[in-house]
Every structure is written in C-alpha cells, then in structure tokens.
> 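Encoded as structure tokens, here's the structure I'll be asking about.
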Amino acid sequence: MKWVYIEDIAAFNDQEVEVRGWVYNKRSSGKVRFILVRDGTGILQTTVFGGDENHPLFKAFDELTQESSLIVRGRVREDKRAPGGFELSLQDIEILQIAKDYPITPKEHATPFLMEHRHLWLRSRKQHAVLQVRVEVIKAIRNFFDDRGFRLMDTPILTPSACEGTTTLFETKYFDQMAYLSQSGQLYNEATAAAFGKVYCFGPAFRAEKSKTRRHLIEFWMVEPEVAFATLEDTIELGQDLLMFIIERVLTHRRRDLEELERDPKPLEAITKPFPRITYDAVVPKLQDKGSAIRYGDDFGAPEESLISELSTNPVCITHFPAKIKAFYMQPDKDRPDLALGVDFMAPESYGEIIGGGQRIHDLDLLEKRIQEHHLPREAYAWYLDLRKYGSVPHAGFGLGVERTVSWMCGIKHIRETIPFPRLLYRIYP
RNA sequence: UCCCCGGUAGCUCAAUAGGUAGAGCGGUUGGCUGUUAACCAAUAGGUUGUAGGUUCGAGUCCUGCCCGGGGAGCCA
C-alpha cells in the first residue's frame, strides 16, 4: 500500500493508502470511532465503524493514547463531516509505540509550561502554523536575493572583536585568546560586497542584552544584504521590494496557516509601494503632538514605534537620524553632517522596527576619525579600514529580523513562538 | 540592571475576614453508530516553590532565597 502524506491526501480519493504518523486526538461514539492522525504535513480524521468489541481495530483504538506513533491503512473517502474534507476508513492500525502521559493535552496551558515542553509544543496546530510561515518567509528571502543576482556570503559567527555595541557580546574562549559570538555580519558583508558586488548573509545573531520583552530574543536570525555603489535611496528601495515580496509569498502560500492563527490578512493585503518616508527631524514633532515624551536626539522606545506605525497602514521608513545615536560606520549627510544616512523600517500594527540599515562611510579619514571617537581598538579594524584604502566606493545595506517579520506576518504577540527553540533571557531549556 | 505581578492535583484555576484544600480538563472504569478541544456517569489523584518568622491555628500575614511572567532601557 502506498505511503502518502496528509497534505497530498486529496489526490488519492477512493484509493487505498498508508499514513504514518501520531495520534493527535481520538473520539468515540460507541460503534463509531475516530482517530485524528497527524503526520507533520497535516491532520487527518480516520474512522472505524461497526464491528464488535473484540474486533482488532477496536482493540487497537482503545489502546491508543495521545501522540502514540502508528501506521494506518485504509481507503480515502471524501466526506463533508471530516475536518479537511477527506477521511480514511481504516482497515488496519499498526501501533509503533504507545505514548504514556503526554503532557500537553488538547486543553489550555500557560506559556511557562508550554515553553518547558517546547520540544513537544512544536507538534501543536498553532505552533505548526507559525513555523510553516517562518519556513515561507525564509524561502521568500532566499529566492528574492538569489533571483536578483545577490551572492550568499556566510559571515563568521566567531569573531575577534565587537561590531557595534561592546557590552552585549557573548564571550567564549578561542584557544589562547577570546572570541565573541557575532551580533551582525555587516562588517564582513562590506568586504564580500567589494569582492562580489551584491551580497547577503543569512544567519544567527547573538546579543547578550538583558532584554525581557516580547520583541527580543538572545539568539535570532537576520538577513543582511550589502550592495557596492548603492546609496541610502537604493537600500530603501531594496528593503521595500523585499518586504512586498515576503508579504505576497506568505499571502499566496500560507493562507491556511494564517487562518489557523486567526490572523486577519487584510492589513497585509492593504500594503502597497511606495512606503511613506519621513525624516527623524520631521517625525519627532509629530510624536510629541501625539503625546510622546521624546526629545530631539533620543532614540525611539516602544511607545514611539507604536505611534509611528499609526501614521500609515504601510511600513514607515524613518531616515536621517542624528549621527550620535547611530553606529560609528554610518555615512553622514553631505549637507547636514550631524545626520546619518540611516533608515529604520517600522512595521504596521505596532510590530516595531523590522529593518535597520543605511549607507556606510567610504572615506578612509572619516572612518578613522569615527573609530577614534568611539574608542574602538584600531588594530581590530585594520582589515575593515583596508576596504576604504583599496578602491573604496559608496555602499549600503540593511538587516532584517526574521522573527520579528514572522510575528508580524502571523499577527502573534510574542516573538518566542516564531523560532523552534527560542533562547530567552531566563530560558535556554530545551 | 530596574519596576510590577505570580508560584495550590499531571494541566488550567478556585479557596469569604487566618479556622477540615475544591472544580474543570487530562488519567482510569463503564455507556453511546458521525464525532469536531465530542458527550454522559463513576473513580483515583495534594508535604500549597523553598527556608524561617508571627499565631491556639497559615494556602492566606511578615522576611530571605529560588523559579517564572509582564514591562523599561537597548535593539532586528
């Protein structure tokens, strides 16, 4: 008998097939019994009819518990009463293992309990849907850049020095010296961009910040494109196209999962190019009018991010930040050197910053000056300075946070559900 | 790091004013020929996070510690 996956079951109507999976739930109404079988691709209702108590199928049914592993065989039948429209009339149940006392029941549980059982929680419907969206988002990102001629250039995770901040790095021993887990691949991207023109890196980033909010993970995934000869303008265009592409893909391929998550697709469908742009100088008074206590020169907090997202149903691009609150490598505006050519994309619906980027300094003297001003060890940046010595060109890029994007797509509150095994401030198990 | 909140059955919660620790779900047993987190009946299940203190008496009040949740700062 042919082994098929539940997501393909419609193609096998009225045929005898085999499904390998786990018991999601079972129900009984005396002489009619139902097993909901999940196989990783979906959930299928299987039925056992009539017969007497000693029928082998009934005996097997009675033995089964939630999450027991099994192979079922039978005929696929279209039936409106079955969730999904198809069910399997069972001829055979082969039990692989009886699961004893599966901790996650089909009833309510609190988050701490579920996080403690994250390895099992992944089997639940909603978690499954969120991670399916994650898969789609990642695939969309890869396709977007690959199809536009970007070269995937993996950047190192073990690095000899700080990229941006210095107090938020994970330290580890590297034989007889110290190394740090990467917070960003950007500096290395600048080197590969000079070698390959347009590149992107896609990997985990580590921040030892003691952040305890629904928008932070200690370990998160980030995609970072970098383009030689590109300006701030070009990088805004690129970020905009990328987000449009991701949204379109999720809406096309993962509509079922959005339904499972009760995510209203309308706010996503309403997003159109171009995204509104507003400078930092212009947005601060608007925020103050809306009641924010922000002062010129402050960076945005969560309340400001929410207020900005109220400005439009599209993501909003904030540009030209005070150079002081941005990273040392940000290119200054040529008319207003106190402003940095950076951009932050704020997602709608209060999902906050999902993209941060901008144009990098390409002038050697200016970069040297900034490294000094920021008290960074010059030796560690020798290779980075080389990029400005040997054929320096303007260049720009950004970083997109995968988990923040996925929580926005899914309309879920907490970022911890958007990665299979989240690393949080007070949780590294499982 | 700071602020706020919580820890009672396997899970989700309840326990008036300090006075014998309860319910639903899950488990088990039985019933039901189309269930949709099925339903109905019965049944087992507890050192109230931990260490101390106050009291005739503490789940309840006080202190320390442990664990967790929400938020701030910072950021994607």
Side-chain angles (χ1 to χ4, degrees), chain A residues 24-36 43 45-53 58 61-62 65-67 77 79-85 87 89 99-117 124-126 163-168 183-186 203-224 239 293 298-305 325-327 343-347 351-357 398-408 413-416 418-419 424-427 429:
Chain A
Y24 192 76
N25 198 0
K26 63 175 193 175
R27 290 185 278 270
S28 153
S29 175
K31 302 288 188 294
V32 187
R33 303 186 182 190
F34 304 91
I35 310 167
L36 292 183
I43 295 175
Q45 176 163 285
T46 66
T47 56
V48 188
F49 286 98
D52 63 280
E53 287 308 300
F58 273 24
F61 178 94
D62 289 343
T65 55
Q66 199 190 348
E67 287 303 319
R77 291 193 312 111
D79 194 313
K80 279 186 289 233
R81 291 168 296 186
E87 62 182 22
S89 296
K100 284 218 173 73
D101 301 323
Y102 185 69
I104 302 177
T105 64
K107 292 286 176 180
E108 275 177 66
H109 298 285
T111 309
F113 175 81
L114 290 169
M115 287 305 306
E116 195 67 19
H117 297 87
S124 302
R125 280 181 150 121
K126 289 205 169 165
C163 164
E164 301 181 38
T166 45
T167 54
T168 59
Q183 292 186 309
S184 159
Q186 191 214 307
F206 308 86
R207 308 252 166 117
E209 290 161 7
K210 299 222 164 171
S211 302
K212 218 163 103 63
T213 81
R214 65 182 66 170
R215 297 186 312 284
H216 289 87
L217 291 171
I218 302 302
E219 178 181 312
F220 66 99
W221 286 68
M222 187 157 64
V223 60
E224 295 173 279
D298 288 349
D299 211 339
F300 306 129
E304 285 74 33
E305 293 191 353
I325 59 173
K326 287 291 172 182
V343 59
D344 280 2
F345 284 57
M346 300 294 175
Y351 277 93
E353 186 187 345
I354 47 167
I355 285 181
F398 63 80
L400 168 84
V402 169
E403 290 78 13
R404 283 187 184 178
T405 305
V406 175
S407 28
W408 170 36
K413 278 186 271 171
H414 207 300
I415 196 171
R416 65 188 158 206
T418 62
I419 186 168
L424 299 161
L425 183 52
Y426 294 122
R427 180 172 296 283
Y429 176 91

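Bear in mind the structure is a predicted one, so any value in this text is a computation, not a measurement. Numbers restart at 1 for each chain; the letters A, B, ... are given by sequence-line order, proteins then strands. Values reported hereafter were calculated over all heavy atoms of this structure, with side chains retained and with hydrogens, waters and symmetry mates removed.
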> Hey, is the side chain of A:E87 pairing donor to acceptor with the base of B:rG34 inside 3.5 Å?
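Such a pair exists between side chain and base.
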
> Quick check, does A:F220 stack with B:rA76? I mean ring centres under 5.5 Å and planes off by under 30°.
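The base of B:rA76 is stacked with A:F220 (centres under 5.5 Å, planes under 30°).
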
> Report yes or no: is there a donor-acceptor pair, N or O only, under 3.5 Å between the side chain of A:K210 and the base of B:rG73?
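Side chain to base: no pair present.
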
> Under 4.0 Å between any heavy atoms, over every strand shown, what does A:I354 touch: base, sugar-phosphate, or nothing? Just pick one.
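Since only primed, P, OP1 and OP2 atoms lie under 4.0 Å of A:I354, the category is sugar-phosphate.
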
> Say we look at B:rG34 and B:rG27: how far apart would their C1' atoms be, to the nearest angstrom?
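The answer is 26 Å between these two C1' atoms.
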
> Taking the C1' atom in each of B:rG45 and B:rG24, what is the distance between them to the nearest angstrom?
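Comparing C1' positions in B:rG45 and B:rG24 gives a spacing of 14 Å.
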
> Check whether the side chain of A:R33 and the base of B:rG31 form a donor-acceptor pair under 3.5 Å.
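No such pair is found, so the answer is no.
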
> Hey, is the side chain of A:R27 pairing donor to acceptor with the base of B:rC32 inside 3.5 Å?
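No pair found.
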
> Does the B:rC75 base have a donor-acceptor partner in the side chain of A:H216 within less than 3.5 Å?
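Yes, the side chain and the base share a sub-3.5 Å donor-acceptor pair.
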
> For atom C1', what is the distance between B:rU55 and B:rA44, given to the nearest Å?
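Going atom to atom, C1' in each nucleotide, I get 36 Å.
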
> Under 3.5 Å, is there an N or O donor on one side and an acceptor on the other linking the side chain of A:S28 and the base of B:rC32?
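A donor-acceptor contact between them is present.
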
> Check if the side chain of A:E305 and the base of B:rC75 share a donor-acceptor pair of N or O atoms closer than 3.5 Å.
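Yes.
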
